[in-house]
Amino acid sequence: MIMDNLAQYIIDSALFILKGGILTVELYFVTILFSIPLGICFALMKISRYKLLREITGFYTWVFRGTPLLLQLFFTYYGLAVVGITLQPFSAAAITFVVNYTAYLTEIYRAGIESIDRGQHEAAHALNMNYFQTMRRIILPQAVRRTIPPTCNEAINLVKDTALVSVIGMSDLLISAKEIFARDFVIIPFIIAAVIYLVITTVIVYFFRKIEARYSIY
Amino acid sequence: MQMLKAENIIKSFGSHRVLNSVSLEINKGEVIAVIGPSGSGKSTLLRCFNGLEEIDSGMILIENETFSCKEPGMKDTVKHGAKRAMQKKIGMVFQNFNLFPHRTVLENIIEAPVTVNKMNKKEAVQMAELLLEKVGLADKKNSYPSKISGGQKQRVAIARALGMNPDIMLFDEPTSALDPELTGEVLKTMTDLAREKMTMFVVTHEMRFAAEIADRIIFMDDGIILADDKPDKILTSPDHFRIKSFIEKVGQ
Ligand SMILES: Nc1ncnc2c1ncn2[C@@H]1O[C@H](COP(=O)(O)OP(=O)(O)OP(=O)(O)O)[C@@H](O)[C@H]1O
Ligand SMILES: [Mg+2]
């Protein structure tokens, strides 16, 4: 009987916590969807032969990798409101996360692109391929493959970073767990939250492994 | 018939003058072997011919069309687009093959014909298969470069360059990265190509290839062409002691 009650309690709590996490899942996908392609574009800008582009992107990654994500979140949500730009918590979080993660991915992809042997560029040049064809067909496919592991790391960090959104009043998994804790004063909700995080990161790692396997045919 | 002409090419890296007023002519169907000590500017000269290096001054003509024309400190008079169009006539084979590792042998060959020349993919595959047959690698078409030997890689690289239908092929030490027992198959492919009257400009240390296949040997030393003559002349009775001692050294 007690066991039945416990099972029911866990299920109810888990559902409540998961419901709290829905918004952060959306945030997660928005961030991934935008920051990977943007990171590739910015990486290309950061190694472009135009000094201005290099300097702009250099400044950008310097600022956003050099300040806490939490501060950036405050800035977008509270700071911008002061100058008359009010954003919904979700929009503020999405913008901040995309901008922040793009900065990290920019550096990852820059390093990946630069790690490709000069000979690949030269061979493409000798075959009369232009810059765009060379990047798209020759350099980026190889660079992206090499950057799968660090990208996976960022994808896992992102899961954990989404917990920060509670500071701008968004509900998330962790906050919901804390609500249950405050009400019942038991440790179970935190354990449930931990399990959910672990399941999510495991799925992500699995997903990246699959991609890596698909790429490692050569 | 003239294929390529270089006039007074000067090229420096920083304060180091690597090409010091180099002039030469390559006729259609000719095979030229370029020899000379390390650092004499052989690779640099060859790379200037397809735009991998920019010359400081001088002139390069390809089939009597200006490919590059530069006064010291001035801009090249030939526009980038025009250069690219002419560069299509020039194939290149590298010492380190530089095959695309993420593409199969066949895909390596059809890549540029399809993306650059917009060739129909089916036609490109047919052409690639013919080229692979020619270099004796028809059975490797679906292999990735990492799965074939160095000699096979270089033959694929030759087939890949031929896929763009060049009028002249530049080779930069095509056998130097190979184990001795694998150089033969590459040299044979190059010999076949020479027999078909492909114009070839080959930087090499293979004296036998130079002696037997080349129509002319160019000897470079310290940024200049020290000699440009028939193989037997250069190999048996060179005018210059530098050439003599070089040939004695590599001949060992
Ligand atoms: N990108 C570069 N930057 C600076 N110096 C260079 C560069 N490329 C070549 N050099 C220098 O120019 C000189 C000529 O080089 P090059 O590669 O043309 O010689 P090489 O005759 O091909 O020699 P090797 O037989 O060793 O290949 C060398 O001293 C080399 O160090
Ligand atoms: Mg060289």
Side-chain angles (χ1 to χ4, degrees), chain A residues 36-37 39-41 43-44 47-53 108-152 208-218, chain B residues 43 46-47 49-53 80-81 83-105 107-118 142-148 153 156-166 168-172 177:
Chain A
I36 289 179
I40 292 174
C41 290
L44 290 174
I47 53 172
S48 108
R49 56 200 162 113
Y50 302 107
K51 195 167 169 229
L52 186 68
L53 284 183
I108 289 171
Y109 296 138
R110 178 197 56 75
I113 293 166
E114 284 181 339
S115 77
I116 304 300
D117 183 51
R118 256 177 72 93
Q120 294 289 303
H121 292 270
E122 294 186 349
H125 172 95
L127 290 166
N128 216 22
M129 298 175 81
N130 63 28
Y131 171 83
F132 184 74
Q133 292 162 339
T134 304
M135 280 301 165
R136 203 176 87 76
R137 310 269 317 163
I138 308 301
I139 307 301
L140 288 179
Q142 296 181 59
V144 164
R145 181 199 168 181
R146 286 186 195 181
T147 50
I148 291 171
T151 304
C152 178
F208 275 92
R209 284 253 171 78
K210 278 265 175 234
I211 300 182
E212 215 174 351
R214 235 196 65 194
Y215 263 103
S216 56
I217 38 175
Y218 61 89
Chain B
S43 298
L46 177 137
R47 291 160 61 84
F49 291 164
N50 79 343
L52 275 174
E53 301 290 354
H80 184 70
K83 261 194 175 43
R84 284 186 55 78
M86 268 180 268
Q87 195 222 310
K88 267 192 195 176
K89 299 175 180 168
I90 305 169
M92 176 150 180
V93 173
F94 300 84
Q95 182 174 348
N96 297 315
F97 331 124
N98 293 336
L99 291 181
F100 304 134
H102 60 307
R103 299 259 193 261
T104 62
V105 163
E107 288 165 346
N108 261 277
I109 300 174
I110 66 170
E111 176 63 45
V114 172
T115 48
V116 178
N117 290 347
K118 310 290 175 219
N142 293 320
S143 305
Y144 281 91
S146 60
K147 300 291 189 296
I148 60 179
K153 280 182 201 167
V156 172
I158 293 171
R160 179 175 72 174
L162 291 173
M164 289 299 272
N165 219 351
I168 176 172
M169 289 275 279
L170 311 174
F171 294 81
D172 192 359

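It should be emphasised that the depicted structure is a prediction, and the values quoted were computed from it without experimental measurement.
Other residues, nucleotides and ligands place more than 12 heavy atoms under 6.0 Å from the NZ atom of B:Lys118.
With a threshold of 4.5 angstrom between heavy atoms, B:Leu170 does not approach chain A through any atom at all. With a 4.5 Å cut-off on non-hydrogen atoms, B:Arg160 touches chain A through its backbone and its side chain both. Both the backbone and the side chain of B:Leu52 come within contact range of chain A, with heavy atoms under 4.5 Å apart. If you measure heavy-atom distances from B:Phe94 to chain A, the contacts under 4.5 Å come from the side chain alone. Interface remark: A:Asp117 contributes side-chain atoms only to the contact with chain B (heavy atom separation under 4.5 Å). Using a 4.5 Å cut-off between heavy atoms, B:Thr115 touches chain A through backbone and side chain atoms alike. Looking at B:Asn50, both its backbone and its side chain come within 4.5 Å of chain A, counting heavy atoms on both sides. Both the backbone and the side chain of A:Gln120 come within contact range of chain B, each with at least one heavy atom under 4.5 Å from a heavy atom of that chain.
Here A:Gln142 is the residue among A:Arg118, A:Arg145, A:Gln142 with the most heavy-atom pairs under 4.5 Å with chain B. When B:Met92, B:Met164, B:His102 are compared by the number of non-hydrogen pairs under 4.5 Å with chain A, B:His102 comes out ahead.
With rounding to the nearest 0.5 Å, the separation of OG1 in A:Thr151 from CD1 in A:Ile108 is 5.5 Å. Separating the CD1 atom in A:Ile211 from the CZ atom in A:Arg214 is a distance of 8.0 Å, to the nearest 0.5 Å.
The closest side-chain heavy-atom distance from B:Pro145 to B:Asn108 is below 4.5 Å.
Contact record, B:Glu111 with A:Met129: OE2-CE, 3.5 Å, taken as the closest heavy-atom pair.
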